[in-house]
Each structure stands twice: as structure tokens, then as C-alpha cells.
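One structure is given below, encoded as C-alpha cells.
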Amino acid sequence: MELVFCTGNSHKLSEVANILGDDFSFLTLTDIGYYDEIPEPYNTLEENSLAKAQQVYKQTGKDCFAEDTGLFIEALNGEPGVFSARYAGQSSDSLRNIEKVLEKLKGHKNRAAYFKTIITLMIKGMIVQFSGQCNGMISERTSGVKGFGYDPIFIPEGSEKSFAEQSPEEKNAVSHRRKAFDAMSKYLHTLNS
Ligand code: ITT
């Protein structure tokens with residue numbers, strides 16, 4: 001089975017390679033020579049992840065999967081949510097995005113938040129979606145240098161360390177991405193059996 005992971009985010013590529021291990025391998029967009037931009041114009045993770053997978057499938061005919069992820073903060077009515085990549089402006093600048101979150105949360109006691117990942121898998125003419133969520137809280141300040149995006153301010157439930165202070169193995173054991181990809185893996189095994 002040959003599946004293409006439709007992402008331009010190198011951090012996602014390495015996390016997912018680590019999560020799937022020997023279970024399933026995938027091709028990257030670079031592997032198949034696909035360099036077109038993939039827009040995310042919609043207001044939901046479901047629609048954006050579907051649009052990403054559909055664009056690549058329509059243009060290459062290859063079975064593939066894409067994922068869209070957002071950080072949802074309770075006290076900010078779910079912001080930055082589906083707009084997580086460009087919360088502080090058009091370009092994806094994690095430091096500025098984090099600054100904006102910390103500024104908006106100043107004085108808020110409620111720091112509850114969650115990451116959510118939606119995967120769309122296009123395989124054998126079928127479209128299937130999988131979801132994974134990781135609950136936690138937003139810290140008062142950044143800590144740690146590992147991971148990417150909002151990891152320096154996200155403390156997952158059950159931990160005292162931010163995702164950016166955790167090893168890749170620690171983050172991948174509990175993350176939103178882990179849960180969504182476990183569900184996809186399980187589905188692929190049932191297809192293959
Ligand atoms: P794609 O090519 O896969 O679309 P992207 O970087 O545009 O890559 P998303 O729209 O899914 O990805 O993600 C939005 C942003 O959310 C991303 O740029 C990060 O800043 C942040 N993000 C996603 N997953 C994260 C994680 O596991 N930890 C911290 N931040 C994350």
C-alpha cells in the first residue's frame with residue numbers, strides 16, 4: 001500500500017513517522033515531486049483536511065492522507081482554532097502566535113485548552129476521517145525548545161511539563177496527533193486483513 005502524506009510541515013512529518021513506526025510507511029509530497037501550494041480556506045478542521053487530501057488526490061491520482069490541527073482555548077471562545085497557523089498574521093510565525101495567545105489570556109484564570117487533529121484518508125475510492133484530541137492548559141509563559149508551534153505554552157493533562165519540554169516520545173505517547181493516527185492505523189489494518 002502506497003500512501004502520500006499531504007503536508008508541507010516537516011515537524012508533522014517526523015512526528016507521524018515516529019508515531020507510525022514500522023506499522024505503515026508513507027511517501028512525502030517531496031518524494032512524489034509535488035510542490036503546489038495547498039490552501040486551507042475553510043472554517044473547520046474537517047473541511048480543510050478534506051480539501052488538502054482532495055487536491056493532491058485529484059492532481060496525482062495517488063491514495064493519500066492529510067491532517068489539519070488546531071489549538072482551541074476555552075477562555076478565548078475556541079480561538080485560535082482552525083486559524084492556528086496564522087493567528088497573528090498571514091505567515092505562520094509561531095513566536096508571534098504564542099505572544100498573541102499569552103497577551104489575550106492575561107488575567108484569565110481559566111487556562112483550559114485542547115489540541116484537535118482531523119485526518120482525512122483517501123483510499124481505494126473512499127474518504128474516511130479520524131480525529132484525536134489532547135486536553136491540557138496554557139501556561140503563563142513559554143518553556144522548552146522541543147516540538148513546534150504552540151508546544152512551548154501547552155501543558156498536557158497529567159504532566160507538569162509543556163510539550164516543548166517533553167521528549168518526542170513523551171509528546172507522541174499522548175498527543176492529539178497520536179490518537180488520530182492510531183485510529184487511522186487501526187482502520188488500515190482492518191482494510192488489509
Ligand atoms: P500542513 O501543510 O499540514 O497544512 P500546517 O503547518 O499548515 O501544515 P495546520 O494548519 O494543521 O498545519 O496547523 C496549524 C498550526 O497549528 C501549525 O502551524 C502549528 O503552529 C500549530 N500546531 C499544529 N500541530 C501542533 C502541535 O502538535 N503542537 C503545537 N502546535 C501545533
Side-chain angles (χ1 to χ4, degrees), residues 3-19 26-30 32 34-56 64-73 76 78-102 113-121 129-139 142-156 159 161-181 184:
L3 285 173
V4 179
F5 186 4
C6 316
T7 183
N9 184 319
S10 59
H11 300 283
K12 287 187 185 180
L13 282 176
S14 63
E15 281 192 7
V16 173
N18 190 312
I19 288 167
F26 56 81
L27 295 172
T28 65
L29 291 176
T30 312
I32 61 162
Y34 187 93
Y35 300 107
D36 287 5
E37 204 179 314
I38 308 180
E40 305 177 20
Y42 298 108
N43 289 329
T44 65
L45 300 177
E46 283 80 0
E47 289 168 294
N48 281 333
S49 81
L50 175 64
K52 293 190 237 186
Q54 263 177 337
Q55 178 175 322
V56 174
C64 60
F65 60 89
E67 61 111 293
D68 203 36
T69 295
L71 173 66
F72 296 79
I73 301 174
L76 303 182
E79 283 184 19
V82 72
F83 304 108
S84 291
R86 50 206 144 95
Y87 192 42
Q90 266 313 308
S91 68
S92 177
D93 181 337
S94 294
L95 287 180
R96 288 186 55 219
N97 288 340
I98 284 175
E99 265 172 28
K100 183 168 176 182
V101 164
L102 291 181
Y114 62 88
F115 274 114
K116 189 170 183 182
T117 293
I118 299 288
I119 305 170
T120 299
L121 170 68
Q129 291 194 314
F130 308 94
S131 122
Q133 182 169 325
C134 179
N135 296 330
M137 53 167 286
I138 303 298
S139 53
T142 62
S143 51
V145 293
K146 301 186 192 94
F148 70 103
Y150 297 90
D151 283 346
I153 55 168
F154 185 82
I155 302 177
S159 175
K161 294 192 284 189
S162 76
F163 266 160
E165 293 176 295
Q166 298 188 351
S167 66
E169 291 69 27
E170 283 175 296
K171 177 182 176 188
N172 291 338
V174 299
S175 78
H176 40 297
R177 191 158 288 109
R178 172 53 178 258
K179 289 171 186 152
F181 277 93
M184 186 179 95

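Read the numbers this way: they start at 1 and go in the same order the structure lists the ligands and their atoms. These figures come from a predicted structure and were not determined experimentally. Basis for what follows: all heavy atoms, side chains included, without hydrogens, waters or symmetry-related copies. Throughout, residue positions are numbered sequentially from 1 according to the sequence presented.
- Of the protein's heavy atoms, S84 CB, 3.5 Å lies nearest to atom 16 (O) of ligand 1.
- Here the protein heavy atom with the shortest distance to atom 7 (O) of ligand 1 is E40 OE2, 3.0 Å.
- The main-chain N or O of A88 is found under 3.5 Å from a side-chain atom of N97 such that the two form a donor-acceptor pair.
- Applying the side-chain contact (heavy atoms from CB on, under 4.5 Å) rule to S10 yields no partners; only residues at least two apart in sequence or on another chain are considered.
- At the shortest separation from atom 20 (O) of ligand 1 among protein heavy atoms lies G149 CA, 3.5 Å.
- For the 3.5 Å distance criterion, the side chains of T120 and Q129 qualify, holding a donor opposite an acceptor.
- At the top of the distance list for atom 11 (O) of ligand 1, counting protein heavy atoms only, stands K12 NZ, 2.7 Å.
- Using bins of under 30°, 30° to 60° and over 60° for the plane-to-plane angle, the ring pair F65/F181 lands in the perpendicular bin.
- Judged purely by distance below 3.5 Å, without hydrogens or angles, the side chains of Q166 and S159 pair a donor atom with an acceptor atom.
- Nearest protein neighbour of atom 2 (O) of ligand 1, counting heavy atoms only, is G8 N, 2.8 Å.
- Checked options R178, H176, R177; the residue passing with C134 is H176 (criterion: side chain to side chain contact (heavy atoms under 4.5 Å, CB included)).
- Protein heavy atom closest to atom 13 (O) of ligand 1, with residue, atom name and distance, is T69 O, 3.4 Å.
- Counting only heavy atoms of the protein, atom 25 (C) of ligand 1 lies nearest to F148 CZ, 3.3 Å.
- Of the protein's non-hydrogen atoms, the one nearest atom 6 (O) of ligand 1 is N9 ND2, 2.9 Å.
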